[in-house]
Peer 1: 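Have a look at the structure that comes next, please.
Naming convention: chains lettered A, B, ... in sequence-line order (proteins, then strands); numbering from 1 in each chain.
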Amino acid sequence: RKEVEQDPGPFNVPEGATVAFNCTYSNSASQSFFWYRQDCRKEPKLLMSVYSSGNEDGRFTAQLNRASQYISLLIRDSKLSDSATYLCVVRNAGNMLTFGGGTRLMVKP
Amino acid sequence: GAGVSQSPSNKVTEKGKDVELRCDPISGHTALYWYRQSLGQGLEFLIYFQGNSAPDKSGLPSDRFSAERTGGSVSTLTIQRTQQEDSAVYLCASGPSLLYEQYFGPGTRLTVT
């Protein structure tokens, strides 16, 4: 089992739709969680950190479920510019960051 | 302010040659990471540096790979006797410390012919 797993997609959604991605992690001692976005042939960019109580940044909401060992990202009112690959990142107790394989989102007009 | 920079942006080399890739982290960031990403694949951790501590080299795929960080700032990743399977984008990232998020540079696209 991979340490961090994501559905690779692609998720094809129309503009304005709400879409959610999940990411599961295997190490129960994992301490920090992040979502990054990566555009085609570009470097990953931090989208948001994920806090235990859940957090929201505009149209984006991140949640952490420690009991079930997953994090989620919800995007409301999808824009064409949201089309990208979304990477789930987990830091374990040894400070190693592990990246998931990414979930590809395609928002269509 | 200035982000993470990497050079060269593209490197084509012949199999068996050595290459050096450079990373300039964000000023003041003590943590520096190297990853590589093959086409259509996820990020593969290679090595990280945190301040003056010994680097974590656990991700280096073979002894042909090495990295150093001089003066706690600039880092170079060296690949000796390059092989075709080394072809990938090599990404550098820096962060305020190991506990916080990372900021990536644009990467160096290495092609071994």
Side-chain angles (χ1 to χ4, degrees), chain A residues 1-10 21 23-27 29-52 55 57 60 62 64 71 73 84-106, chain B residues 2-10 21 23-26 29-51 53-60 87-111:
Chain A
R1 182 185 174 188
K2 290 183 182 177
E3 196 169 335
V4 180
E5 290 203 70
Q6 295 183 252
D7 181 341
F21 314 130
C23 164
T24 59
Y25 59 94
S26 61
N27 187 339
S30 297
Q31 297 185 334
S32 305
F33 309 88
F34 307 91
W35 283 103
Y36 279 72
R37 101 172 243 164
Q38 186 172 26
D39 293 284
C40 188
R41 299 175 78 86
K42 297 285 191 182
E43 72 274 18
K45 295 194 176 186
L46 178 68
L47 181 63
M48 59 198 304
S49 303
V50 186
Y51 303 125
S52 297
N55 48 300
D57 183 0
F60 299 84
L64 166 64
I71 66 172
L73 177 67
T85 296
Y86 290 83
L87 302 169
C88 167
V89 185
V90 174
R91 171 178 282 118
N92 63 28
N95 287 320
M96 176 81 71
L97 281 181
T98 303
F99 283 72
T103 296
R104 189 169 170 212
L105 171 66
M106 297 182 70
Chain B
V4 178
S5 61
Q6 292 186 244
S7 60
S9 55
N10 281 284
L21 312 180
C23 171
D24 283 85
I26 293 172
H29 280 187
T30 58
L32 187 149
Y33 310 77
W34 284 98
Y35 299 87
R36 72 177 175 183
Q37 188 173 34
S38 300
L39 189 63
Q41 301 297 310
L43 274 75
E44 177 187 0
F45 166 78
L46 297 177
I47 186 171
Y48 78 71
F49 299 85
Q50 169 56 38
S53 303
D56 181 335
K57 305 180 182 180
S58 58
L60 294 178
S87 296
V89 175
Y90 288 80
L91 290 159
C92 174
S94 72
S97 80
L98 289 177
L99 299 178
Y100 296 96
E101 61 275 6
Q102 305 175 7
Y103 298 88
F104 283 82
T108 293
R109 185 173 300 277
L110 175 67
T111 304

Peer 1: State, to 0.1 Å, how close Glu101(B) and Ser49(A) come at their nearest heavy-atom pair, and which atoms those are.
Peer 2: OE1-OG, 4.2 Å

Peer 1: How long is the span from the CZ atom in Phe45(B) to the OG1 atom in Thr98(A), to the nearest 0.5 Å?
Peer 2: 9.0 Å

Peer 1: Drop me the distance from Leu97(A)'s CG to Tyr35(B)'s OH, to the nearest 0.5 angstrom.
Peer 2: 4.5 Å

Peer 1: Will you find, in the side chains of Gln38(A) and Gln37(B), an N or O donor that is under 3.5 Å from an N or O acceptor?
Peer 2: yes

Peer 1: Grab the two heavy atoms, one from Tyr33(B) and one from Arg91(A), that are nearest each other, plus how far apart they are.
Peer 2: OH-NH2, 3.6 Å

Peer 1: Is the closest side-chain heavy-atom distance between Phe34(A) and Gln102(B) below 4.5 Å?
Peer 2: no

Peer 1: Name all residues meeting the side-chain contact (heavy atoms from CB on, under 4.5 Å) criterion together with Gln6(A); count only those two or more places apart in sequence or in a different chain, and write none if there are none.
Peer 2: Cys23(A), Trp35(A), Cys88(A), Thr103(A)

Peer 1: Step through the shown structure and confirm whether more than 12 heavy atoms of other residues, nucleotides or ligands are within 6.0 Å of CZ on Arg37(A).
Peer 2: yes

Peer 1: Any chance you could measure Lys42(A), atom NZ, to Leu91(B), atom CG, to the nearest 0.5 Å?
Peer 2: 12.5 Å

Peer 1: Output the option from Gly42(B), Gly107(B), Gly105(B), Ser58(B) having the highest count of non-hydrogen pairs under 4.5 Å with chain A.
Peer 2: Gly105(B)

